[in-house]
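Each ligand, and each atom within it, is numbered from 1 in the order the structure gives.
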Amino acid sequence: MAERTLVMKFGGTSVGSPEALRGMAEIVGRNLKKWPRSAVVVSAMGGVTDLLLAGTAAAIRGDTDLVKHAVRDISKRHMDAIRAGGLDPETGEAIEGFIRELKNLYHAVTILREASPRAMDAIASLGERMSIQIVAGYLNQAGVRAFPLEASSFLLTDSKFQNASPIMLEIPARAKPVFAPIFARGEVPVVTGFIGATSEGVITTLGRGGSDFSAAIVGVAIRADEVWIYTDVDGVMTADPRTVPDARSLPSLSYREISEMAFYGAKVVHPKTIRPCIERGIPLWIKNTFHPDHPGTVILANGQTTSDVIKAVTAIRNQTLITVKGGGMLGIPGIAARTFAVVARMSVSVTMITQASSEQSICLSVPSSSGKAVQAGLEEEFRREIDREDIDAIEALENCVIVTVVGEGMRKTHGVSGRIFSALGATSVNVISIAQGSSECSISMVVGKDDEIPAVRAIHALIVSKENVL
Ligand code: ASP
Ligand code: MG
């Protein structure tokens with residue numbers, strides 16, 4: 001049997017300072033004992049991508065002072081890490097080379113006063129291209145033989161600069177000859193997150209926050225057995241610990257559960273980014289760099305992963321609930337289609353929809369920042385129906401919060417919604433509107449701003465109660 005392979009990904013905070021880098025190197029060293037064949041994927045040092053892009057914006061404006069500041073800050077972040085870690089002079093030389101490249105790119109942008117998406121990617125990619133040098137340096141220092149590897153050598157993408165998509169079908173074949181010699185030498189490849197290249201070899205990026213995506217792609221590319229994403233929390237929590245002090249970390253979640261949670265406001269990995277692993281049945285773990293002994297959360301392809309009925313509760317704040325209603329809507333076709341066409345034309349994303357079966361109202365929740373505009377747009381669209389009194393009014397209720405309960409177990413259990421609404425009733429929470437996902441994996445409700453915390457806490461009490469078992 002082929003040797004088992006692990007991919008570990010460290011984000012910007014986990015490689016952002018000399019202390020974090022030492023911690024990272026220790027974790028990799030420890031994991032290598034069990035997983036001698038491992039690859040590491042890293043982000044730019046925390047804040048560096050933002051600095052690179054801020055410098056570009058300054059160059060476009062011709063603000064040469066700010067450009068110089070950005071170059072100095074970026075250079076200092078890396079040079080300080082090199083000094084603090086006592087790394088080889090070659091690492092310093094490599095960084096100096098990238099800084100020269102950065103200065104040249106900024107100079108070109110300053111002259112042109114514009115940066116194409118392709119130029120933006122050339123600049124943004126430098127953060128990861130530098131961080132692999134630093135990370136490999138710290139690993140070598142800790143006795144781990146590491147090899148910095150730019151993903152542009154195998155991670156083929158389309159040419160949609162700044163938000164490129166990987167060409168998954170071709171990547172494993174390209175990765176094999178790149179990784180095989182590194183593994184054969186007993187070294188750990190340290191791969192740039194966030195970046196890839198077109199078939200012409202031009203550097204692309206996968207979009208902001210793209211290094212989780214890179215980790216999943218590398219996992220598939222080298223046929224890894226597991227992918228571990230290190231962040232700064234103990235995996236995925238049952239609720240936001242700032243709202244619920246006794247929130248706890250979840251041992252496991254299904255892909256559908258994590259997708260619903262991400263959509264409904266939880267700060268977890270973006271579902272799109274982990275899809276490559278899920279599709280190929282590669283378990284993906286979310287772990288804490290600052291608490292490496294904690295097991296974290298594993299995300300699995302399907303179904304019931306524990307005996308809990310409900311797993312988590314999330315909240316999205318700052319919503320406006322828009323209602324189109326009127327006795328004359330009954331049976332008029334196309335009201336819903338026109339409503340959503342208006343919202344789509346405004347490029348507003350709708351967070352939740354409900355329609356009463358009486359067909360006398362359609363409710364949709366939108367981010368508060370677009371509430372007024374959506375209301376005005378709908379009033380214009382339905383002017384005639386409003387004049388004829390088929391539609392009474394377009395109402396907008398501000399300061400709403402969507403609270404969502406997530407769990408695959410709800411599909412198989414009766415009475416879950418009964419339990420949820422009894423608990424909310426008992427705490428005097430007023431539920432304004434309710435929607436159930438068609439997957440039956442989530443129930444969402446709209447409550448007023450002041451009811452958010454009591455609602456989330458009441459539902460969380462159900463999650464930790466003894467009755468929450470299948
Ligand atoms: N460095 C990139 C960013 O800040 C990618 C990442 O960190 O995931 O967006
Ligand atoms: Mg990140």
Quiz item: Is the gap between the ring centers of F194 and F213 under 6.0 Å?
Solution: no
*Any N or O of K9 that comes nearer than 3.5 Å to an N or O of ligand 1?*
no
Ligand 1 to E128, heavy atom cutoff 4.0 Å, flagged ligand atoms 1 (N), 2 (C), 5 (C)
Say whether G11 and ligand 1 are in contact under the criterion: heavy-atom distance to a ligand atom below 4.0 Å. no
Ligand 1 to T49, heavy atom cutoff 4.0 Å, flagged ligand atoms 1 (N), 2 (C), 3 (C), 4 (O)
| message | Looking at ligand 1, is there an atom of it that comes within less than 4.0 Å of some heavy atom belonging to G209? | response | yes
query = Would one find more than 12 heavy atoms of other residues, nucleotides or ligands at under 6.0 Å from atom CD1 of I111?
reply = yes
- Start with the C-alpha gap between I463 and V405, add the side-chain angles, then the distance that decides, and say whether side-chain contact (heavy atoms from CB on, under 4.5 Å) holds. CA-CA 10 Å; I463 299 178; V405 189; 5.8 Å; no
Looking only at heavy atoms, the pair that brings A39 and V188 closest together is CA-CG1, 4.4 Å
R185 atom CZ, neighbour heavy-atom count above 12 within 6.0 Å
yes
S43 heavy atoms within 4.0 Å reach ligand 1 at atoms 6 (C), 7 (O), 8 (O)
Here the ring pair (Phe, Tyr, Trp, His ring centres under 6.0 Å) pairs for residues 66-119, sequence neighbours left out, are none
Under 4.0 Å from one or more heavy atoms of R208, ligand 1 contributes atoms 3 (C), 4 (O), 9 (O)
Checklist entry - Backbone or side chain, does any N or O of D212 fall under 3.5 Å from an N or O of ligand 1? => result no
